[in-house]
Amino acid sequence: QVRLEESGGGLVQPGGSLRLSCAASGGFFSIEAINWYRQAPGKQRALVATITNSGDTTYVDSVKGRFAISRDYAKNTVYLQMNDLELEDTAVYYCNAAGVVVLPTFRRSDFWGQGTQVTVSS
C-alpha cells in the first residue's frame with residue numbers, strides 16, 4: 001500500500017505564501033507523476049500542477065507564475081510553493097500519485113492524500 005501525507009496548509013492573507021508538502025511512503029517501485037488538485041466549496045476538484053518522474057512540470061493558467069511544483073527524490077516528497085495567494089486559491093488541496101508501480105505486484109495504481117485546507121482571507 002502507498003500512503004500520501006500532505007502538510008503545509010493554513011490561513012494566509014492575500015499576497016502571502018504557503019508551501020505544501022506531499023510525502024509518499026510504502027512499497028512502490030516508481031511514480032509516473034505527482035499532481036496537486038484543489039477543490040473549492042461547491043466546485044469540482046480541479047488539477048493545479050503536475051510534475052512527472054522526469055521533472056517536467058505543468059500548471060493551470062490561473063496559477064502560472066505564482067505556484068511552483070518541485071520534487072525531492074531522496075525524500076519521496078513533492079512540494080507546491082504558492083506565492084502571491086489570492087482569495088480564489090482558497091480550497092482543499094489534494095496530492096495525487098499517478099501511475100504508481102506498486103510492490104510486490106508491479107501493478108499500476110493511483111493514490112490520493114487526505115487533503116489539506118488552504119484559506120486565503122484578509
Side-chain angles (χ1 to χ4, degrees):
Q1 188 67 9
V2 175
R3 180 184 178 192
L4 300 177
E5 185 169 357
E6 298 128 331
S7 60
L11 173 64
V12 64
Q13 293 184 339
S17 298
L18 285 174
R19 188 177 80 157
L20 306 183
S21 299
C22 172
S25 61
F28 60 90
F29 177 73
S30 64
I31 300 175
E32 183 174 316
I34 297 283
N35 305 295
W36 281 101
Y37 285 78
R38 66 186 179 186
Q39 187 167 17
K43 295 187 177 180
Q44 291 187 333
R45 193 173 297 187
L47 181 63
V48 176
T50 297
I51 186 165
T52 69
N53 194 37
S54 60
D56 295 328
T57 60
T58 57
Y59 301 90
V60 67
D61 285 346
S62 60
V63 307
K64 284 180 180 177
R66 301 188 298 120
F67 290 12
I69 189 170
S70 60
R71 189 168 180 171
D72 185 330
Y73 291 90
K75 296 181 179 180
N76 287 323
T77 299
V78 168
Y79 304 97
L80 184 68
Q81 178 66 44
M82 305 186 297
N83 299 324
D84 194 22
L85 283 160
E86 302 172 353
L87 298 176
E88 294 74 20
D89 296 318
T90 295
V92 178
Y93 284 71
Y94 295 91
C95 176
N96 162 255
V100 181
V101 179
V102 180
L103 296 174
T105 62
F106 284 85
R107 291 178 180 175
R108 286 181 178 270
S109 187
D110 293 354
F111 295 89
W112 289 88
Q114 80 287 353
T116 185
Q117 177 71 47
V118 171
T119 302
V120 184
S121 175
S122 56

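Keep in mind that the numbers below use all heavy atoms, side chains included, and drop hydrogens, waters and symmetry copies.
- Counting all heavy atoms, side chain and backbone alike, Ala97 lies closest to Ile31 at CB-CG2, 4.1 Å.
- Taken to the nearest 0.5 Å, the CD atom of Glu88 stands 8.0 Å off from the NZ atom of Lys43.
- When all heavy atoms of Ala24 and Leu4 are compared, the pair lying nearest together is CB-CD2, 3.7 Å.
- With values rounded to the nearest 0.5 angstrom, Asp84 atom CG is found 8.0 Å from Ser17 atom OG.
- In terms of heavy atoms, Leu18 sits closest to Leu85 at N-CD1, 3.9 Å.
- The main-chain N or O of Val78 is never found under 3.5 Å from a side-chain atom of Asp72 such that the two would form a donor-acceptor pair.
- Put simply, the side chain of Thr116 never gets that close to the backbone of Tyr93: no donor and acceptor are under 3.5 Å apart.
- Val118 and Phe67 end up in the same hydrophobic cluster when Ile, Leu, Val, Met, Phe, Trp and Tyr side chains are linked at under 4.5 Å.
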Do Leu20 and Arg38 pass the side chain to side chain contact (heavy atoms under 4.5 Å, CB included) test, and can you show the C-alpha distance, the side-chain angles, and the key distance before you say yes or no? CA-CA 12 Å; Leu20 306 183; Arg38 66 186 179 186; over 6 Å; no
Could you walk me through whether Gln117 and Thr119 pass the side chain to side chain donor-acceptor pair (under 3.5 Å) check? CA-CA 6 Å; Gln117 177 71 47; Thr119 302; 3.3 Å; yes
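- Here the CG atom belonging to Asp56 is positioned 11.5 Å from the CD1 atom belonging to Ile69, to the nearest 0.5 angstrom.
- When all heavy atoms are compared, the tightest approach of Thr50 to Ala33 is CG2-CB, 4.1 Å.
- Considering Gln114, Glu5, Glu6 as possible partners of Cys95, the one that fulfils the side chain to side chain contact (heavy atoms under 4.5 Å, CB included) test is Glu6.
- Tracing side-chain contacts under 4.5 Å through hydrophobic residues (I, L, V, M, F, W, Y), one never reaches Phe111 starting from Val92; they form parts of separate clusters.
- In this structure, Val101 is not a member of the same hydrophobic cluster as Ile34, with clusters built from ILVMFWY side-chain heavy atoms closer than 4.5 Å.
- The shortest non-hydrogen separation linking Ser121 to Leu87 is CA-CD2, 4.1 Å.
- Atom CZ of Phe28 is separated from atom CZ of Arg108 by 13.5 Å, given to the nearest 0.5 angstrom.
- To the nearest 0.5 Å, atoms NZ (Lys64) and OG1 (Thr57) are separated by 10.0 Å.
- Looking only at side-chain heavy atoms (C-beta outward), Ile51 and Trp36 stay at 4.5 Å or farther from each other.
- In plain terms, the two heavy atoms of Gly99 and Asp110 that are nearest each other are N-OD1, 2.9 Å.
- Residue Asp89 holds its CG atom at 7.0 Å from OG of Ser62, rounded to the nearest 0.5 Å.
- By the 30° and 60° cut-offs, the orientation of the rings of Trp112 relative to Tyr94 is perpendicular.
- Judged by a 6.0 Å distance limit and a 45° cone about the ring axis, Arg45 is not positioned over the six-membered ring of Tyr37.
- Judged purely by atom type and a 3.5 angstrom limit, Tyr79 has no side-chain atom pairing as donor or acceptor with the backbone of Ala68.
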